[in-house]
Undergrad: 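This is the structure I have questions about; it appears just below.
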Amino acid sequence: MKNILLTMGLLLLMVSCSKESNKVVVVDRFSANQVSQIDLERRNAERILNWVGTYYGILPCASCPGIETTLELKPDQTFELKTIYQDTDKKPIIERGNFDWHKIGNQVTLKNNDDLQFKIEKDQVRFLKNDGKAVTGNIGKAYILKRKK
């Protein structure tokens, strides 16, 4: 009991003496952690965005009419990516693996051969360039996979 009271007193002292206004103090049952605003936003995005699901679209292709793409994001942070190059492939190319959340919160990287990146948006995911930025202009809409209902 003394240990619990001592721990709680130390936590209150840490919170009251903190001078950093851009930090948020998160207290859970086991420890007290200072989390930067970016980490807090990333964690909120993981919880708030309804990201689990299957997304489909036809991505642009230089050598074919398009790439039929199905991306399934699973709650255990694994994925399945199926691609079919129209007019060239008969069987889908299927990749499975894990994905990581970016620090900024609403982007994921598929841990596969190409480390593909997607931005999680409401009821869709947006394919990102290698530098993590979205394709802009009129063609930018072609890089969106919509949630399958």
Side-chain angles (χ1 to χ4, degrees), residues 7-8 10-12 14-15 17-149:
T7 302
M8 291 304 289
L10 288 173
L11 288 175
L12 287 172
M14 285 174 39
V15 171
C17 292
S18 176
K19 293 181 181 177
E20 296 182 41
S21 62
N22 64 342
K23 300 281 184 178
V24 177
V25 176
V26 177
V27 179
D28 61 26
R29 294 186 313 184
F30 306 107
S31 65
N33 298 312
Q34 287 192 323
V35 180
S36 70
Q37 188 65 31
I38 285 179
D39 285 343
L40 185 61
E41 289 171 8
R42 178 183 60 81
R43 290 178 187 182
N44 283 339
E46 289 177 34
R47 279 185 253 136
I48 293 170
L49 290 173
N50 185 16
W51 54 271
V52 174
T54 302
Y55 302 87
Y56 174 81
I58 300 176
L59 298 177
C61 177
S63 61
C64 68
I67 306 168
E68 291 182 42
T69 305
T70 304
L71 173 63
E72 182 181 3
L73 298 176
K74 301 176 185 181
D76 62 352
Q77 292 194 342
T78 61
F79 73 89
E80 181 174 287
L81 179 67
K82 295 179 190 176
T83 54
I84 300 175
Y85 287 77
Q86 294 178 332
D87 292 344
T88 59
D89 289 340
K90 301 210 185 309
K91 292 184 178 180
I93 299 168
I94 300 173
E95 297 180 67
R96 294 179 181 95
N98 298 313
F99 65 87
D100 293 330
W101 284 91
H102 287 231
K103 286 186 176 183
I104 61 172
N106 61 348
Q107 292 182 15
V108 295
T109 299
L110 306 184
K111 302 314 282 178
N112 61 357
N113 291 337
D114 298 321
D115 285 346
L116 300 176
Q117 299 179 60
F118 291 88
K119 181 178 182 182
I120 309 295
E121 299 174 344
K122 183 175 175 157
D123 293 327
Q124 65 186 25
V125 296
R126 183 179 303 271
F127 180 81
L128 302 175
K129 299 184 288 184
N130 289 340
D131 63 2
K133 295 181 180 175
V135 176
T136 57
N138 290 336
I139 196 160
K141 293 178 183 177
Y143 289 89
I144 294 174
L145 305 179
K146 298 282 188 181
R147 181 186 296 276
K148 290 174 83 173
K149 303 285 179 182

Undergrad: Taking the ring centre of each residue, are F99 and W51 less than 6.0 Å apart?
TA: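 Ring centres of W51 and F99 closer than 6.0 Å.
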
Undergrad: Is there a donor-acceptor contact under 3.5 Å from the side chain of T69 to the main chain of I67?
TA: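 Yes; at least one donor-acceptor contact below 3.5 Å.
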
Undergrad: Using only atom types and a distance under 3.5 Å, with no angle test, would you say the side chain of R147 pairs donor to acceptor with the backbone of V52?
TA: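 The answer is yes, because a donor-acceptor pair under 3.5 Å joins these two groups.
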
Undergrad: Does either side chain, that of K146 or that of Q124, offer a donor lying less than 3.5 Å from an acceptor on the other one?
TA: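 A donor-acceptor contact under 3.5 Å links the two side chains.
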
Undergrad: Judged by modelled atom types alone, do E95 and N112 share a side-chain donor-acceptor pair under 3.5 Å?
TA: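 On atom types as modelled, these side chains qualify, holding a pair under 3.5 Å.
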
Undergrad: Where the side chain of Q86 meets the backbone of C64, is there a donor-acceptor pair that is under 3.5 Å apart?
TA: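 Checking the backbone N and O of C64 against the side chain of Q86, no donor-acceptor pair under 3.5 Å is found.
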
Undergrad: So do I94 and R96 actually touch side chain to side chain, heavy atoms under 4.5 Å?
TA: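 Heavy-atom side-chain distance check passes, below 4.5 Å.
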
Undergrad: Okay, side chain of D114, backbone of L116: is any donor-acceptor separation there less than 3.5 Å?
TA: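 Judged by distance alone, no pair lies under 3.5 Å.
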
Undergrad: For the residue pair L71 and T54, establish whether any side-chain heavy-atom pair is separated by less than 4.5 Å.
TA: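 Side chain of L71 against side chain of T54, heavy atoms only: no contact under 4.5 Å found.
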
Undergrad: For the residue pair E68 and Y56, establish whether any side-chain heavy-atom pair is separated by less than 4.5 Å.
TA: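 Result yes, sub-4.5 Å side-chain heavy-atom pair found.
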
Undergrad: Should we count NZ of K74 as having more than 12 external heavy atoms under 6.0 Å?
TA: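 Enclosed: over 12 neighbouring heavy atoms sit under 6.0 Å from NZ of K74.
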
Undergrad: Under 4.5 Å between any side-chain heavy atoms of T70 and Y55, yes or no?
TA: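 No. Closest side-chain heavy atoms not under 4.5 Å.
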
Undergrad: Within a reach of under 6.0 Å around CG of N138, are more than 12 heavy atoms found that belong to other residues, nucleotides or ligands?
TA: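 12 or below, so no.
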
